[in-house]
Protein chains: 2
Amino acid sequence: MKKEFRSDCPISSALDLFGDKWSLLIIRDLVYFGERTFKDFTNAAERISTARLTDRLCKLEKLELITKSNHPTNRKVFVYDLTAKGMDLFPVIAEYIKWSNKYLNDHIAEEAKAYAAMLETDRQGALNHFMQRR
Amino acid sequence: MKKEFRSDCPISSALDLFGDKWSLLIIRDLVYFGERTFKDFTNAAERISTARLTDRLCKLEKLELITKSNHPTNRKVFVYDLTAKGMDLFPVIAEYIKWSNKYLNDHIAEEAKAYAAMLETDRQGALNHFMQRR
DNA sequence: TTTATTGCTTTCGAAACGGAAGTGAAAATA
DNA sequence: TATTTTCACTTCCGTTTCGAAAGCAATAAA
């Protein structure tokens with residue numbers, strides 16, 4: 001068994017839990033699209049491998065950031081969704097967006113720029129828009 | 001040569017640049033302590049290896065998130081400091097702290113809890129406190 | 001002149017990684 | 001009913017990244 005946390009610092013501890021290149025992208029998809037299936041995640045632009053996706057979904061479920069449940073009609077499909085704990089990562093994601101909009105502006109998607117502008121002018125509104133979906 | 005970005009998403013792009021377990025901790029030390037030397041970073045609680053630290057400092061300097069300069073009196077010491085671009089990661093760090101304070105409260109340091117509470121009640125004040133140091 | 005410090009490099013075994021192919025159960029199609 | 005396709009994994013394998021430790025040259029301190 002390995003130690004779970006490197007220190008008692010809140011920043012390093014959060015990074016210990018989901019500070020990899022994929023976890024926040026799974027959270028992102030759930031924030032912006034709501035319920036997602038395994039297949040949905042594999043269709044994201046960043047092209048996560050199935051092995052990595054399986055691993056991350058399990059970890060995020062153990063951390064209680066997401067839930068896994070059966071599809072109402074199709075028994076071989078699982079539906080993933082955010083918990084309140086996972087939804088509370090929205091502010092972290094929002095700050096990444098704002099930073100990238102400022103410093104990677106010539107690289108990111110046009111629709112992302114528009115959304116970033118909305119985050120600047122109506123932060124609470126953008127936040128509520130997703131928070132109130134469930 | 002490998003591709004720099006996985007997609008044009010602002011979140012994944014930011015993670016491509018500094019979405020590892022160490023970069024934000026280096027930024028953290030610079031935010032909270034100001035100028036730091038190589039030795040200072042190795043003394044942080046998380047115990048980064050020297051090979052990893054050398055690698056990350058170079059990357060962060062190339063990204064222009066930090067600067068490297070000579071110590072005014074000691075020629076074998078280098079002094080690292082944040083650029084405005086690096087300082088603008090403070091809001092990201094602040095949101096990690098707030099999330100951890102809410103969900104990892106029984107694990108994190110007491111002084112971190114107090115600081116997180118200050119972030120909640122006087123966000124702009126906490127932000128300015130560091131922003132105005134230089 | 002000797003010793004200690006600093007920033008950095010090298011080495012090496014372990015862990016994490018991406019990409020591709022394969023699996024079984026269930027669903028859709030014929 | 002028989003066949004094919006889909007879905008959520010799982011396995012495999014070569015590559016990259018990693019932590020831990022030792023070693024290094026240059027400078028500073030003693």
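Residue numbering restarts at 1 for every chain, and letters A, B, ... go by the order of the sequence lines.
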Are B:F18 and A:W99 close enough that their ring centers fall under 6.0 Å?
yes
When we call it a touch if two heavy atoms are under 4.0 Å apart, what does B:Y80 touch: a base, just sugar-phosphate, or nothing?
sugar-phosphate
Between the protein and nucleotides 23-25 of chain D, list every N/O to N/O distance that falls short of 3.5 Å.
none

Is any side-chain N or O of B:R75 closer than 4.0 Å to OP1 or OP2 of D:dA28?
yes
Does B:K76 make a side-chain donor-acceptor contact with the base of D:dT27, cut-off 3.5 Å?
yes
With nearest nucleotide decided by heavy atoms, which residue, A:R47 or A:T73, maps closer to the 5′ end of DNA chain C?
A:R47
Which residues satisfy the side-chain contact (heavy atoms from CB on, under 4.5 Å) test with A:D40, sequence neighbours excluded?
A:R36, A:T37
Can you see if the side chain of B:R56 gets near the phosphate of D:dC18 - specifically, an N or O under 4.0 Å from OP1 or OP2?
yes
Please determine whether a side-chain nitrogen of the Lys or Arg among B:R56 and B:D20 lies less than 4.0 Å from a carboxylate oxygen of the Asp or Glu.
yes
Can you check whether B:L63's main-chain N or O pairs, donor with acceptor, with B:K85's side chain at less than 3.5 Å?
yes
What N/O pairs connect the protein and nucleotides 28-30 of chain C at under 3.5 Å? Give each pair on its own line.
none

Does a side-chain N-to-carboxylate-O contact under 4.0 Å join B:R28 and B:E46?
yes
Closest heavy-atom pair and its distance - A:A44, A:D29:
CB-OD2, 3.7 Å
How many whole angstroms separate atom CZ of B:R36 from atom P of C:dG7?
12 Å
Among D:dT11, D:dA20, D:dC18, the one nearest A:A51 by side-chain distance
D:dT11
On the nucleotide D:dG19, are OP1 or OP2 found under 4.0 Å from the side-chain N or O atoms that B:W22 carries?
yes
When all nucleic acid strands are considered with a 4.0 Å heavy-atom cut-off, which category describes A:K68: base, sugar-phosphate, or nothing?
sugar-phosphate
For B:F38, which contact category applies under a 4.0 Å heavy-atom criterion: base, sugar-phosphate, or nothing?
base
When the distance from CD1 of A:I48 to P of C:dC17 is rounded to whole Å, what number comes out?
9 Å
Can you identify which nucleotide, out of C:dG7, D:dT10, D:dC7, has its nearest atom closest to the A:T54 side chain?
D:dT10
By nearest nucleotide on DNA chain D, pick out whichever of A:D40 and B:S49 is the more 5' one.
A:D40
What's the shortest heavy-atom distance between A:L17 and A:E4, and which atoms?
CD2-OE2, 4.0 Å
Does a side-chain N-to-carboxylate-O contact under 4.0 Å join A:E120 and A:K102?
no
Where the side chain of B:K39 is concerned, which of C:dT6, D:dC7, C:dT9 is the nearest nucleotide?
C:dT6
We want to know whether B:T83 and B:E64 form a side-chain donor-acceptor pair, criterion being a heavy-atom distance below 3.5 angstrom.
no
Distance, rounded to the nearest Å, where B:L53 contributes CG and C:dT10 contributes C1'
16 Å
Do B:S7 and B:S12 have side-chain N/O donor and acceptor atoms under 3.5 Å apart?
yes
A:N43 CG - D:dT6 C1' separation (whole Å)
13 Å
